[in-house]
Number of protein chains: 2
Amino acid sequence: MTLILRSMTDARPYTRLIDRLKASGLRPTRQRLALAKLLFDAGGDGVQAAAVRNRHVTAEQLHGEAMAADVRVSLATVYNTLHQFTEAGLLREVVVESGRSYFDTNVDDHHHFYFEDTGRLQDIPGDSVRLAEIPEAPQGAEIERVDVIIRLRDR
Amino acid sequence: MTLILRSMTDARPYTRLIDRLKASGLRPTRQRLALAKLLFDAGGDGVQAAAVRNRHVTAEQLHGEAMAADVRVSLATVYNTLHQFTEAGLLREVVVESGRSYFDTNVDDHHHFYFEDTGRLQDIPGDSVRLAEIPEAPQGAEIERVDVIIRLRDR
DNA sequence: ATACTTGCAAATCGTTTGCAATACC
DNA sequence: GGTATTGCAAACGATTTGCAAGTAT
């Protein structure tokens, strides 16, 4: 399991998040900050396992976490915020199941395991999936992204 | 463009479909037969381009086609039928967009182009996508299927 | 002060379900 | 005849929207 170290000795713990939002052209409102903290700072203690940092959340889940953390946010705002973050490149939307959207805090090039039995999503580590060959994009189109989803079931 | 030839000189044009449904343990009802015809026999003149035979339909679309062909089927039945066909291995469900399901008449191993601008789905011919490396399935799980979706946007 | 954000409740979309009527074997 | 299948309309879950009230710069 890979560990990722981050220096979190900043005296003002929100400064980083505020700057990040501002850099994306989003006003650092109370709600956006709280959601950003839940998404990007989970654990919050400076040393975090990749499994914790790479989150795959649905709007409902994140809303639930906010409630649990006593952050008042409406579900509509959670939806709006997730989409704004996605547009800003802070999140990546992953579609594996019709009727539910997952948002991935890992925006690097990578692919996913999907556990059909539980509905859980998991990053495939590093570049252990590699395409040997990618076809030409059809006339007039260009490739925006390649999604690989490995669907799993319990053995 | 590959052409696929089929002998369609059968005097009873529905015999093949009826047998196919029976073989799947599905009663060949009027509705199922009509939908099977629309799905698997589009064109119906014996020589069909692959592009016509490999269909990607939503329930709404298929329902619309049925209406246009003066086949009385309720939308609920279209949904049920699509799922039954999928369970029987006659169709394959493809998820590219949260909130809309596509059903693919091509059940062979293959992958997809997805035109984000139009919402259209297209088979990637043959095996021009190939994975160089597939990771181990995590403990206790086995790989059921690998989906590759190449997302395209207009250039 | 002004433009951007939020929350609420209602609206929407695709899909599923309960159940009485109907069709297949 | 008995069971599987259908249609309808209502129910559903996730997501979006309109708009008045609140908040950041």
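Numbers restart at 1 for each chain; the letters A, B, ... are given by sequence-line order, proteins then strands.
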Non-neighbouring partners of T77(B) that pass side-chain hydrogen bond (donor to acceptor under 3.5 Å, both in side chains), sequence neighbours left out: S74(B)
Only counting residues at least two apart or in another chain, list the ones meeting ring-ring contact (aromatic ring centres under 6.0 Å, His included) with F113(B). none
Atom pair distance, as rounded to whole Å: OH in Y79(B) and P in dC8(D): 16 Å
Where along residues 91-102 of chain A does a heavy atom come under 4.0 Å from DNA chain D, residue by residue in number order? G99(A), R100(A), S101(A)
Within the structure, does a side-chain N or O atom of Q84(B) lie under 4.0 Å from either OP1 or OP2 of dT5(D)? no
How close or far is atom P of dT12(C) from atom CG of L75(A), stated in whole angstroms? 19 Å
Among all residues two or more places apart in sequence or in another chain, which pass the side chain to side chain contact (heavy atoms under 4.5 Å, CB included) test with D70(A)? none
E142(A): side-chain hydrogen bond (donor to acceptor under 3.5 Å, both in side chains) partners, not counting sequence neighbours: R153(B)
Rounded off to whole Å, could you give me the CG-to-C1' distance for the L26(B) and dT3(D) pair? 15 Å
Could you tell me which residues satisfy side chain to side chain contact (heavy atoms under 4.5 Å, CB included) with E116(B), sequence neighbours excluded, listed by chain and number? E144(A), Y114(B), R151(B)
Length of the line joining Q31(B):CD and dA4(D):P, which is rounded to integer Å: 17 Å
May I have the distance from L35(B) (atom CG) to dG7(D) (atom C1'), rounded to whole angstrom? 14 Å
Of all the choices, dT16(C), dA14(D), dT6(D), which nucleotide is nearest to the side chain of H83(B) once you look at every atom? dT16(C)
The side-chain contact (heavy atoms from CB on, under 4.5 Å) partner of E65(B) among V71(B), L38(B), L39(B), V78(B) is L38(B)
Quick one: list whatever passes side-chain hydrogen bond (donor to acceptor under 3.5 Å, both in side chains) with R92(B), sequence neighbours left out. none
A side-chain contact here means heavy atoms from C-beta on lying under 4.5 Å apart; do V96(A) and H112(A) qualify? no
Taken in chain and number order and not counting sequence neighbours, the residues that satisfy side chain to side chain contact (heavy atoms under 4.5 Å, CB included) with A68(B) are none
From CZ of R32(A) over to P of dT6(C), roughly how many Å is that when rounded to an integer? 5 Å
Round to a whole Å and report the spacing from NE2 of H63(B) to C1' of dT15(C). 13 Å
Please encode protein proximity along nucleotides 17-25 of chain D as a string of B, S and -, counting only heavy-atom distances under 4.0 Å. B------BS
Quickly work out the L21(B) CG to dC24(C) P distance and round it to whole Å. 13 Å
All side chain to side chain contact (heavy atoms under 4.5 Å, CB included) counterparts of R72(A), not counting sequence neighbours: R30(A)
Sorted by first residue and then second, give each ring-ring contact (aromatic ring centres under 6.0 Å, His included) pair with at least one member in residues 67-108 of chain B; sequence neighbours left out. H83(B)-F103(B)
Five-pair end axes of the helix from dT12(C)-dA14(D) to dC25(C)-dG1(D), angle between them (10°): 20°
Contact under 4.0 Å: S74(B) side-chain N or O vs dG7(D) OP1/OP2: yes
